[in-house]
Every structure is written in structure tokens, then in C-alpha cells.
There are 2 protein chains.
Amino acid sequence: MSVSVKDVAARAGVSVGTVSNVMNWPDKVSSATVERVQRAIDELGFVRNDAARQLRAGRSHAIGLVILDIGNPFFTDLARGAEDRASKAGLSIILGNSDERAERESSYLDLFEEQRMHGVLISPFGDITARLRRLRERGIPAVLVDRTSADASFSSVSVDDVAGGVLAVDHLIDSGRRRIAFVGGPSEIRQVSDRLEGARSAVAQHPEVTLEVIETRALSVIEGRAAGNGILARPPADRPDAVFAANDLIAMGVLQALNMQGALHVPRDIALIGYDDIDFASAAVVPLSSIRQPSAMIGATAVEILLEEAADPQLAPRQIVFQPELVVRESTGR
Amino acid sequence: MSVSVKDVAARAGVSVGTVSNVMNWPDKVSSATVERVQRAIDELGFVRNDAARQLRAGRSHAIGLVILDIGNPFFTDLARGAEDRASKAGLSIILGNSDERAERESSYLDLFEEQRMHGVLISPFGDITARLRRLRERGIPAVLVDRTSADASFSSVSVDDVAGGVLAVDHLIDSGRRRIAFVGGPSEIRQVSDRLEGARSAVAQHPEVTLEVIETRALSVIEGRAAGNGILARPPADRPDAVFAANDLIAMGVLQALNMQGALHVPRDIALIGYDDIDFASAAVVPLSSIRQPSAMIGATAVEILLEEAADPQLAPRQIVFQPELVVRESTGR
DNA sequence: TGAGGTGATTGAATCGTTTTAAGAATGAGA
DNA sequence: TCTCATTCTTAAAACGATTCAATCACCTCA
């Protein structure tokens, strides 16, 4: 059925060891032989069997990546970044989507252990430090993405959401706004609470500025629109003059509500800034200011660290924190 | 480093063959032995090495899935459906994103061949029939998703886009619209041309109805908005009274343009229907009517067919075509 | 001519599991 | 007690690539 090194060796009139050397250490082989073996490979259409390579090598040539939500552009961008970096090292990425469900997360970790993955990148949902510790004992390093390790026992690559909150609110204040509303929730989500914390600390620098919190049940367009309608229903004097949304989906909902029938004008009446800078943000009715995260860079960096740890398991865990970036568009503009 | 069957066997005081039987054919082993071996497995934390299993079995326990665009909810839903069905058969799905680039598509196929995948599902971009034929010769069956095989030499699972076009335009006509515009492009995309063809044939049934085609350069929100602005700029008598957008992104762009500053009212002045029924559709300023495709079902069915072909390579290829479904919301409503 | 060196190639062992034919143990029936 | 079945269990042979010590061929220099 399948062509093996043995067949190639027979065709080229050399031993299997030589065929292997041609593929992996061509310098060790005379150029005439390389040529001959290569021709045999092409003629037979030989494709090496990765299972056998892996078995011999003791570990796979792939990195497992578990993300929280495949529908979220932030994660797919992150995956793209990881993939690009990994392929440079001759590794592939196996993508798993935990969908914020502990049992799916766990079954991916099972799979990755059975496959003796080169390493695992994970955006954790449940408490999996014990699992990761075990993987590490077995020679499979792990790096957390978009979340820091509680006890710093694992390396992590994340973004400073507190700084992002400061960035957003400072920008609103700089453009002359004084009554700011934070819209987002639930506050259990670490990203939400961090961004709010940043907003609070920015406001604290300016006695004349107030911050109100409008909590939502989820980070969705629908919830954002509900919050926006709530603002619209208030007497004008009670309304904020700026909204900082916990992510772009919320921001788009708020925008839709405020903009409906031209009731209020964004940014004239109310300035609006979101978070994540998803593609939709620039395509909104009023292009949305937002806080951009280096999602692809996060993925690439995580792979980088993982490779170093795979090469030297003794390495001390590192926590890499990226800084977010302000993107100004019309929704907060003049 | 790693615990092997040998260690388990030693601990349980049996041979490795028995350990293997406990895991794969427990009926062949006395219950006392099963119990003893199981305990040894648990105590040692044994996890079997998939590479070795695969090597012995000759093929992997995973199915490769190559999709065109991981940012498109249609494909992620499809992937979810495939994954659910595959896991019932004890198989996992390895997801690859070709990003509509031939070289990425090809490198995933290389990977899948090296891994001796159980089978391959692919939403093809380039012309890959030759590649797939070769995979099949090597015992790896392939099923096309969201596209039919030109020469019917491979099984496929797709949706009848022509019927979807008919569905959309019939609905517009039924609700009293007479001057319909189709917005979408480029027409090289098979889905676009099929939907337009459906629209044409629906219109052909009604002499009093006209169809105009507004071609866009891509299926994006921005392009949709440009098209919408074009419509807005015309004298009222020249405007269509209904728009059929080739997908929901286009539709949302058109909606944003028409609705801007309350210039035109959707659906009063112009009815609007999209295609795909993505989550955003129901969350738009005016909830969007759309054509829903059974994306998860497509994935699940494709896996089903793949499994049958893997079990019996002689099976004749089948073309499964699903019917799309009309979802009516406010944008075409009363 | 022979010793020593260099570079290319070989062949066997190895990775960890599954499979299969053969062997051992047990019990039933004569 | 012996034979024949029926369970269980074992040992060894795969699967296909990589690795490493050993061998070979050839050349140089004394």
C-alpha cells in the first residue's frame, strides 16, 4: 500500500540508513547519492510516515493550542501568529477549541498527551495547573496565553488590560469628556475587571471627571444595545458624554442604540471607544475607536517561549506582558 | 521518562499482550486480570503513545479538515459539527485554515499525508483533484465540503445556493417588491454566481419584476456600504425597492448606508435580505432576514460519509446537497 | 609497502503498541 | 486417568523511520 524507506532504498540501490540521512543530514551523504535517492523518492512518490518518526523521536512535531472561543477574532488572529512562527521551526499547530467548557478543554489535553506533543499553548478555562504540571513532568512544556499563571509556575504571554483601560479613558478625558460610563460584564471575567480597574485609576487622576459602571450580562452586541437604550431613555442631563465599552461587540451595540433614527450623534453628543479592534470596528456606521491588542504577536511569542522551554526544561518560567495600543477613529474624534 | 505498556505489564504481573487486550478487547481477558491491570495503569498514570498505535495500525485516529476562512462563522460552525460527529467515532479533528491560499492548502495536505490521516475533509481553493486522487490511492479518502466535485469523482456535501437565491427573491416578491437589486461579488466565487442564478430564475417567473446586479469586489461590510451609498445617491425613482445581498456582511454594509441619518427606512423604503444567517444578522440595527445554511449538519454529514468510505474504499462517491432555509426578520417585514 | 586518516555507507537495534499463533490451565465427559 | 474443549495468557513478530557503531573504499604520507 504505502511506500517506505525500504522501497526507496531498494530503488536507489542504497541502504535505508542512507535514505534517512539524505532526508535529515544531507551533508553526510555524497552529492551523487543524494541525487540518486532523491530521484527514487520522487519516482515512487514517497512520503515519510510521521508516526514512525515520532515514535523514534519520542515526541511529535506539532504544538497543541487550546483556545477559548473560535468565534472570537482575537483568538483566531492569535492562532495565525502561532502558526506562522511554528512553521518556521518546522512544527505544525493543532488547534483545539474548548468553547469555554471544562470537559472539552480536558479532552484536548488528553489528546495532546497521547500524541506526545512537542508542547502545549493554552488559554485556560478551568483550573488546570495540576494537569499542566503532569504534562511537564512527562516532558511536554506548556505556556499560558492571554492569562497569567496564578502562581507563576508556568510561563505566560498576555496583554496588560489595566493599561488598556487607562489608555481608553485617558483618551476620552483628553478629548474633553467628563462624565464617563463603563459598559461591560460580567465582572467575573478577568479581562473585564482589569479594564475597569484601569478606567478607575485614570479617572482618579482627574477630580472633575466621574465614572459610572453599567454592568452587562455578556460581552455581546445585544447586551450593548440594551445598555445603549438605557442611556437613551435618561433625561439628557443625566447622560454620560462618553462610553468606554469592555469590548467592540458591546461598543457596536451601544452605537446602534444611540444612532438609531439619528437620536443622538456619535461622537458629537457621546464619544465611544471599544476594545479589541476587531475588523468590524473600522467597518461600523461610525468607525470605532478601540484598543488594539497584538494578538498575532502573542501567539508568535508564546511559541517562541515554548520552543525554548522544550529545548531546555530547566528554564525558569517567564511572564511576558504586552502593552495595548490606542486606535483613534471617528467615534471619539472631533 | 514515559511509562509504557511494558511498565504496566511488569507492575500487574502480566504480559504486554494482556495489557493491550485490557485496553482494546476487554472481553478477551478475565475480569480479575482487567481489574489488576487497570489498577496498575492508574497507579502509574500510564497514557498510551498514539504514535506507536498509529504506526501499528497504519493510519491515524484523526481526520484532517481544511477550511477556507477561519474568520467566517459558517466554517467554524461546520467544524464544530464535524468535531462532534467525529468524537462519537473516537476520532479527533485536526483543523487547518487555508486562508484561501493555495500554498497553505497544499502544505496542510502534505501534513495530512505524512500523518496518514484517517481521512480528509476539504473546502477546496485551488485545483486539488490530482492531490486528492493520490491520497485516495494511498488509502486516505477525501470528501469535499461546501463545494461539489467537478467530475463527481469525490463525494461532496454542499448546500444548494441556487435554491437559496430562489428562496430569497421569492420572499421579496411575495412581500410585494418589484424592483430588486442583487449586491455581491466577485462573480468568480461559485457561491455568488449560484445565488445570482437562483435570483434570476425566480425573477423570470414574474414578468413585472426586474432584477439589477450591483457587483462588489469582495464580500465585506465595506463593499456593501459602498454599494448602499451608490443606491442612496440615485434619484428616488431609480432606486430598487428591495436588495438581495450575496451574504450577511454585504447586507450589513448596505443597511448601514441606507439607514445612516435615517435617510431611508428599512424595510419601509427598501427591503433587505442577506445570506448565511450569521450571529451578527439578528443583532443588526434592523434585524436581518437571511438564508440559513445547516453548517453544523454539513460538517457532521461529511464526517459520516468519510467514515463509510474509509471502511469500504470501493464505495461510489456521493453528492449530498442540503437545502437552505429562509429566516424572516424585520428587514423584509411588513 | 604499509600505517593512518578521512569520508561515505551499511546493518542492526530501537522506539511502544497491536496482533497472532501457540501454549498453559482448567473443566467436563468418558 | 485420559482426551477434548474452552478460556486465558504469553512471546514474538510486525509497523517504518532514525541512529550509531562498524565497515569499507580510497587517499596520503612515511
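A, B, ... follow the sequence lines: proteins, then strands. Residue 1 opens every chain.
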Ignoring backbone atoms, establish whether A:Ser20 has a side-chain N or O less than 4.0 Å from OP1 or OP2 of D:dT19. no
With a non-hydrogen cut-off below 4.0 angstrom, is B:Thr18 in contact with a base, only sugar-phosphate, or nothing? base
Contacting residues from residues 36-54 of chain B, given that a heavy atom lies under 4.0 angstrom of DNA chain D: none
Under 3.5 Å, is there a donor-acceptor pair between the A:Asp276 and A:Gln293 side chains? yes
What integer distance in Å separates A:Arg56:CZ from D:dA17:C1'? 8 Å
By a strict heavy-atom criterion of less than 4.0 Å, which residues belonging to residues 7-17 of chain A are in contact with DNA chain D? A:Gly17
A:Gln319 vs A:Ser155, side chain to side chain donor-acceptor pair (under 3.5 Å): CA-CA, chis, key distance, verdict: CA-CA 5 Å; A:Gln319 319 297 323; A:Ser155 288; 5.7 Å; no
Could you give the NZ-to-C1' distance, from A:Lys6 to D:dA17, as a whole number of Å? 10 Å
What's the CG-C1' distance between A:Asn21 and D:dC20, to the nearest Å? 10 Å
Under the side-chain contact (heavy atoms from CB on, under 4.5 Å) test, which residues partner B:Gln191, sequence neighbours left out? B:Asp146, B:Arg147, B:Asp161, B:Ile189, B:Arg195
What pairs of nitrogen or oxygen atoms, one from the protein and one from nucleotides 22-27 of chain D, lie under 3.5 Å apart?
none

If you walk 5' to 3' along DNA chain C, what is the first nucleotide with an atom under 4.0 Å of a heavy atom in chain B, and what is the last? C:dG16 to C:dT19
In degrees, rounded to 10°, what is the bend between the two ends of the helix from C:dT1-D:dA30 to C:dA30-D:dT1, using five pairs at each? 60°
B:Asp27 CG to D:dT6 P, in whole Å, measures 18 Å
What is the separation between atom CG on A:Asn24 and atom C1' on D:dG16, rounded to the nearest whole Å? 13 Å
Would you say a side-chain N or O of A:Trp25 is under 4.0 Å from OP1 or OP2 of D:dT18? no
